[in-house]
There are 2 protein chains.
Amino acid sequence: MNEQHPLGPLVRRWSRHSSLTPSDRDAIIALPHVRKTFAKDAYMVREGQRTHECSLLLRGFAYRQKLLSNGSRQIISIHIPTEFVDLQNGILGVADHSVQSLDRCEAAIIPRDALLEIAARRPALRMAMWIDTLIDASIFREWVVNVGRRDARTRVAHLLCELVVRLEKIGMGRDGMVDFPLTQEQLADCTGLTAVHTNRTLQSLRKDGLIQLNARSLTVLDWERMREVADFDELYLHQEI
Amino acid sequence: MNEQHPLGPLVRRWSRHSSLTPSDRDAIIALPHVRKTFAKDAYMVREGQRTHECSLLLRGFAYRQKLLSNGSRQIISIHIPTEFVDLQNGILGVADHSVQSLDRCEAAIIPRDALLEIAARRPALRMAMWIDTLIDASIFREWVVNVGRRDARTRVAHLLCELVVRLEKIGMGRDGMVDFPLTQEQLADCTGLTAVHTNRTLQSLRKDGLIQLNARSLTVLDWERMREVADFDELYLHQEI
DNA sequence: CGTTAATTTGAGACCATTCAATTTCGGTGG
DNA sequence: CCACCGAAATTGAATGGTCTCAAATTAACG
């Protein structure tokens with residue numbers, strides 16, 4: 001029963017962009033792993049650390065960040081369940097940034113060698129892994145655009161759109177409403193703004209009837225107009241379905 | 001003679017991060033390809049285009065960009081000789097952004113299927129390709145940090161550092177002096193600044209005796225201090241040697 | 001229900017932008 | 001070789017978006 005198995009979601013994710021044989025699916029399910037729970041704000045990976053395993057997020061949210069010498073930080077990406085938070089580290093061998101949990105979350109820890117081994121033996125799976133890292137990269141590119149060339153309002157709206165779409169893709173959320181665990185300060189660190197200005201920007205989006213955001217819950221009220229305001233085109237997410 | 005062969009530089013680049021057997025090297029050299037010259041400012045890849053081939057830059061510089069609905073643009077990355085400008089497109093199948101030449105340049109156009117085929121048969125080469133795309137992604141992450149959380153001066157300095165280091169790695173440049181084909185407007189589109197402010201920022205770096213920049217030539221005069229000013233740590237380039 | 005974290009508000013300062021004009025530079029034709 | 005041209009670089013002044021700092025309010029949590 002893949003449906004109940006902790007690695008079932010990974011099978012489903014990879015099936016979306018790669019065509020897997022039944023035996024590929026079995027190979028995923030057979031991956032050795034241990035489940036691990038992380039408290040809120042726990043480090044899942046530390047910058048500079050050598051990698052021996054990869055973490056697949058099963059429940060909860062996580063983010064990747066880089067700290068600057070002047071004390072500020074930039075969040076590089078947000079991760080939602082069914083995603084690897086550090087697949088690239090498993091390949092490059094050393095983490096060039098940290099990963100932290102956004103809330104209490106659960107992950108399947110898979111030995112790096114086990115992943116490399118199924119990658120070596122199973123063309124479809126290695127392609128699926130590669131594609132995962134390429135989609136990651138595509139999202140990074142869009143983030144460069146977001147922080148580089150969009151004003152605060154558009155920038156924040158774009159990030160919200162991305163998260164809602166990604167959450168809906170994995171079935172977490174309906175009618176534009178999703179669980180939303182980011183504080184405004186974290187939102188600010190995603191968008192390169194200050195927390196204060198992020199607050200004012202959110203108020204502006206609220207006032208215009210575009211979103212509703214409170215108590216861990218985000219709703220996009222007018223998807224049509226939101227998409228417009230956010231300059232949002234989801235092609236870069238490469239999620240055809 | 002790999003030294004004279006157009007794909008020789010690719011052998012050398014991949015050898016830096018992956019260990020290749022002689023037969024791997026031969027397989028690279030045997031890749032079918034055609035040489036193609038691009039005029040200055042020519043499109044090498046267009047956003048939305050389906051991919052049938054990948055371009056390896058042999059001479060000259062190129063950049064990837066995204067255009068926004070408000071008319072502005074963000075440059076996503078700069079590419080120098082020996083790099084693929086669109087390896088990820090070859091895998092994902094559709095280009096989510098454009099690639100343009102920065103000056104007159106020359107590329108080896110390799111059929112996508114030929115690359116996929118050596119990737120399928122040669123573990124070391126597929127790993128080398130994957131690593132290339134992962135290093136790309138790592139650079140994107142650093143760019144997010146750069147435009148997101150650094151002020152103009154640090155931001156521009158950081159970009160200059162990155163380019164000098166990457167150019168020196170491939171033997172183009174000595175003693176901090178490199179061929180530099182970016183206009184200030186393009187520099188601005190890399191850093192999310194305006195051309196005017198980029199100009200003032202460069203002047204400030206010049207005034208402080210950090211760089212010399214004119215007529216397609218950039219020299220870092222005080223590498224120690226420049227590194228400091230730029231908040232530059234090259235770990236993210238993943239170029240051990 | 002107290003305590004801390006998160007959000008909100010206000011006012012002033014500043015970094016970067018905008019717009020417009022001027023100067024320099026690289027390339028081209030006479 | 002010089003005159004010319006358009007592109008690139010430079011300068012100035014005014015505007016504005018975002019930041020900073022500090023305080024007040026609200027929400028989360030044990």
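Labels below follow one simple rule: chain letters A, B, ... track the order of the sequence lines, proteins then strands, and each chain is numbered from 1.
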At under 4.0 Å between heavy atoms, what does [X] touch on the DNA or RNA strands: base, sugar-phosphate, or nothing?
X: A:A215; answer: sugar-phosphate
X: B:D151; answer: sugar-phosphate
X: A:L202; answer: nothing
X: A:R149; answer: nothing

Rounding to an integer number of Å, can you tell me how far [X] [atom1] sits from [N] [atom2]?
X: B:H197; N: C:dA20; atom1: NE2; atom2: C1'; result: 19 Å
X: B:D103; N: D:dA7; atom1: CG; atom2: C1'; result: 16 Å
X: A:R216; N: D:dA28; atom1: CZ; atom2: P; result: 11 Å
X: B:N199; N: C:dC19; atom1: CG; atom2: C1'; result: 15 Å
X: B:L187; N: D:dA7; atom1: CG; atom2: P; result: 20 Å
X: A:R155; N: D:dG17; atom1: CZ; atom2: C1'; result: 11 Å
X: A:E185; N: C:dT7; atom1: CD; atom2: P; result: 9 Å
X: A:N70; N: D:dT20; atom1: CG; atom2: C1'; result: 15 Å

Respond yes when some side-chain nitrogen or oxygen of B:R206 is under 4.0 Å from OP1 or OP2 of D:dT10, and no when none is. yes
Please determine whether a side-chain nitrogen or oxygen atom of A:R150 lies at a distance below 4.0 Å from atom OP1 or OP2 of D:dG17. no
Selection from [options] that lies nearest to any side-chain heavy atom of [X]:
X: B:Q203; options: D:dA8, D:dT10, C:dT9; answer: D:dT10
X: B:A152; options: D:dT20, D:dT18, C:dA16; answer: C:dA16
X: A:L193; options: C:dT9, D:dA9, D:dT18; answer: D:dT18

What pair of heavy atoms forms the shortest contact from A:L237 to A:R166, and how long is it?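 Closest approach of A:L237 to A:R166, heavy atoms only: CD2-CD, 3.9 Å.
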Is it the case that B:Q100 and B:Q65 place a side-chain donor and acceptor less than 3.5 Å from each other? yes
Under 3.5 Å side-chain donor-acceptor pair for B:S69 and A:D231: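 There is such a pair between these side chains.
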Are the side chain of B:S101 and the backbone of B:F38 linked by a donor-acceptor contact shorter than 3.5 Å? no
Whether A:T183 side chain and A:Q186 backbone form a donor-acceptor pair below 3.5 Å: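 Confirmed, A:T183 side chain pairs with A:Q186 backbone.
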Is there a donor and acceptor pair, one atom on the side chain of B:R200 and one on the base of D:dG12, closer than 3.5 Å? yes
The answer to which of A:G192 and B:D41 contacts DNA chain D further toward the 5' end, by nearest nucleotide, is B:D41
For DNA chain D, whose closest nucleotide is more 5', that of A:N214 or that of A:V196? A:V196
